[in-house]
A.B. asks: 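Before anything else, here's the structure in question.
Letters A, B, ... mirror the listed sequences (proteins, then strands); counts begin at 1.
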2 protein chains.
Amino acid sequence: MDRELCCEPHPLDLEELERIRAEVDEEGLWEMAEVFKALGDPTRLKILKALSISPMCVCDLAHLTGLSVSAISHQLRLLRAMRLVKGEKIGRRVFYSLHDDHIAMMIKLGQQHIREERG
Amino acid sequence: MDRELCCEPHPLDLEELERIRAEVDEEGLWEMAEVFKALGDPTRLKILKALSISPMCVCDLAHLTGLSVSAISHQLRLLRAMRLVKGEKIGRRVFYSLHDDHIAMMIKLGQQHIREERG
DNA sequence: ATAATATTTGAGCAATGGCTCAAATTTTGT
DNA sequence: ACAAAATTTGAGCCATTGCTCAAATATTAT
């Protein structure tokens, strides 16, 4: 029969491979990749890290990052759509903060990884 | 003097903002973004998740993901360069595995985030 | 040696991404 | 009502990216 295995003799049998495929393809992987992708841009990571220290307005984030207000606003729109940040309008300003602290934890873990990778 | 603050009256003073900027711009942020970016692609995330279950060869990963061997190899090259995976050549096959388990932990935390985000 | 298998590599291509710029929107101050 | 300030939005542009395809490399089997 057609075993669909590329290379023989093979350490992983078909059932094992199928089990792994099912576990890997589980729902939520795509969504998880989206979250990681959001964290995977220096600008957005700076924004999130800044907001993890203190809520602040778009303009502050622009100064902080050295980018235009427009650029920041575009990124915030993305982050808002993904529920990573939330914005509260006060007067003519909008104060952004982290939507919850899962993200802060993930950033912390990421930092830890980098530190140990270097040390 | 030119206070370089966009919007007045302002809740965060200049020193506070400068302190945050320093903390955000710390060395390692760019590197951290690179790691997150690596996790931020469905194909690579599948590869890493599969390898977190069991080491396997390029061909298995291709079958598992439904992509070409070439595509997988290109991604593995990237992941190897970032020290996220390592490959051991055995015969004409190369068996890949996670370089360490930091990444596995980060994926686990990511999954947890998604789960709680939905629940 | 020759052929077959497993992987790597480079070029090229369509799609995506992050920014800028200009214009629209919303709110405050006079 | 009008101007100024803070943010949002859409279009456009260049760089990056993830794949395919073809060819090269390395190892095993005959």
A.B. asks: Within the side chain of A/Ser73, is there an N or O that forms a donor-acceptor pair under 3.5 Å with the backbone of A/Ser70?
C.D. replies: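 No.
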
A.B. asks: Determine the contact category for A/Val69: base if any of its heavy atoms lies under 4.0 Å from a base atom, sugar-phosphate if only primed atoms, P, OP1 or OP2 are that close, otherwise nothing.
C.D. replies: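 A/Val69: base contact, heavy atoms under 4.0 Å.
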
A.B. asks: Could you tell me whether A/Glu26 and B/Lys49 have a side-chain N and a carboxylate O separated by less than 4.0 Å?
C.D. replies: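 A salt bridge links A/Glu26 with B/Lys49.
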
A.B. asks: Provide, to the nearest angstrom, the distance between the CZ atom belonging to A/Phe95 and the C1' atom belonging to D/dT7.
C.D. replies: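 Distance, rounded to whole Å: 12 Å.
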
A.B. asks: Could you grab the distance from atom NZ of B/Lys46 to atom CZ of A/Arg21, nearest 0.5 Å is fine?
C.D. replies: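 Rounded to the nearest 0.5 Å, the NZ-CZ separation comes out at 9.5 Å.
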
A.B. asks: Using a 4.0 Å heavy-atom cut-off across all strands, classify A/Leu67 as base, sugar-phosphate, or nothing.
C.D. replies: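 Here A/Leu67 touches the backbone only, sparing every base.
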
A.B. asks: If you assign each of B/Ser73 and A/Gly40 to its closest nucleotide in DNA chain C, which residue comes earlier from the 5' end?
C.D. replies: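 Closer to the 5' end of DNA chain C: B/Ser73.
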
A.B. asks: Parallel, tilted or perpendicular: which one describes the rings of A/His102 and B/His113, with boundaries at 30° and 60°?
C.D. replies: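 A/His102 vs B/His113 ring planes: perpendicular.
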
A.B. asks: Within the 4.0 Å limit for protein heavy atoms, which parts of nucleotides 21-30 of chain C are touched? Write it as a string from 5' to 3', B for base, S for sugar-phosphate only, - for none.
C.D. replies: BB---SSB--

A.B. asks: Looking at C/dT7, D/dG10, C/dC19, which one has an atom nearest to any side-chain atom of A/Arg77?
C.D. replies: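 Of C/dT7, D/dG10, C/dC19, D/dG10 is nearest to the side chain of A/Arg77.
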
A.B. asks: Angle between the end axes of the helix from C/dA1-D/dT30 to C/dT30-D/dA1, five pairs per end, to the nearest 10 degrees?
C.D. replies: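 End-to-end axis angle: 20°.
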
A.B. asks: Return no unless some side-chain N or O of B/Gln75 is found under 4.0 Å from OP1 or OP2 of D/dT17.
C.D. replies: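 Checking D/dT17 against B/Gln75, no side-chain N or O comes under 4.0 Å of OP1 or OP2.
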
A.B. asks: In whole Å, what is the span from the CG atom of B/Leu39 to the P atom of D/dG18?
C.D. replies: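 Taking atom P of D/dG18 as the reference, CG of B/Leu39 is at 12 Å.
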
A.B. asks: Quick one: does A/Met32's side chain get under 4.5 Å of B/Gln111's, heavy atoms only?
C.D. replies: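 Yes, their side chains come closer than 4.5 Å.
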
A.B. asks: State which of C/dG17, C/dG18, D/dG18 makes the closest approach to the side chain of B/Asp41.
C.D. replies: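 Shortest atom-to-atom distance from the side chain points to D/dG18.
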
A.B. asks: Kindly say if B/Tyr96 contacts the phosphate of C/dT8, meaning a side-chain N or O under 4.0 Å from OP1 or OP2.
C.D. replies: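 For C/dT8, OP1/OP2 do have a side-chain N/O of B/Tyr96 under 4.0 Å.
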
A.B. asks: In whole angstrom, give the distance that lies between atom CD of B/Glu88 and atom P of C/dT7.
C.D. replies: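 After rounding, the gap between these two atoms is 13 Å.
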
A.B. asks: Could you state the CG-C1' distance from A/Leu76 to C/dC19, rounded to the nearest angstrom?
C.D. replies: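 Between C1' of C/dC19 and CG of A/Leu76: 15 Å.
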
A.B. asks: Which value, rounded to the nearest 0.5 Å, describes the distance between B/Tyr96 atom OH and B/Ile47 atom CD1?
C.D. replies: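 These two atoms lie 9.5 Å from each other.
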
A.B. asks: Mind calculating the distance between CG (A/Asp60) and C1' (D/dA5) to the nearest angstrom?
C.D. replies: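 Roughly 14 Å, once rounded to whole Å.
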
A.B. asks: Nearest whole angstrom, please: distance from the P of D/dA6 to the CE of A/Met56.
C.D. replies: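 Value for this atom pair: 16 Å.
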
A.B. asks: Mind calculating the distance between CG (A/Leu61) and C1' (C/dG18) to the nearest angstrom?
C.D. replies: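 Nearest whole value for this atom pair: 16 Å.
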
A.B. asks: Has A/Thr43 got a side-chain N or O lying under 4.0 Å from the OP1 or OP2 atom of C/dG18?
C.D. replies: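 No, A/Thr43 has no side-chain N/O under 4.0 Å of OP1/OP2 on C/dG18.
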
A.B. asks: Starting at CD of A/Glu15, measure out to CZ of A/Arg19 and round the result to the nearest 0.5 Å.
C.D. replies: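 Atom-to-atom, A/Glu15:CD and A/Arg19:CZ are 11.0 Å apart.
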
A.B. asks: Is it true that atom CD of A/Glu34 has more than 12 heavy atoms of other residues, nucleotides or ligands lying nearer than 6.0 Å?
C.D. replies: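 Above 12, so yes.
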
A.B. asks: Students often get this wrong, so: under 4.0 angstrom with heavy atoms, is A/Ile72 touching a base, only sugar-phosphate, or nothing?
C.D. replies: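 Answer is nothing: A/Ile72 stays at 4.0 Å or more from every strand.
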
A.B. asks: If the cut-off is 4.0 Å, is A/Arg44 near the phosphate of C/dG17, judged by side-chain N/O to OP1 or OP2?
C.D. replies: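 No.
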
A.B. asks: Is a donor on one side and an acceptor on the other found under 3.5 Å between the side chain of B/Asp101 and the backbone of B/Ala104?
C.D. replies: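 No, the answer is negative, given that no donor and acceptor are paired below the 3.5 Å cut-off.
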
A.B. asks: What's the CG-P distance between B/Leu78 and D/dT17, to the nearest Å?
C.D. replies: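 Taking CG of B/Leu78 and P of D/dT17, I get 8 Å after rounding.
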
A.B. asks: Rounded at 0.5 Å granularity, tell me how far CG in A/Asp25 sits from CG in B/Leu64.
C.D. replies: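 Interatomic distance, A/Asp25 CG to B/Leu64 CG, rounded to 0.5 Å: 7.0 Å.
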
A.B. asks: Reckon A/Lys37 has a side-chain N or O less than 4.0 Å from the OP1 or OP2 of C/dG17?
C.D. replies: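 Yes, within the criterion.
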
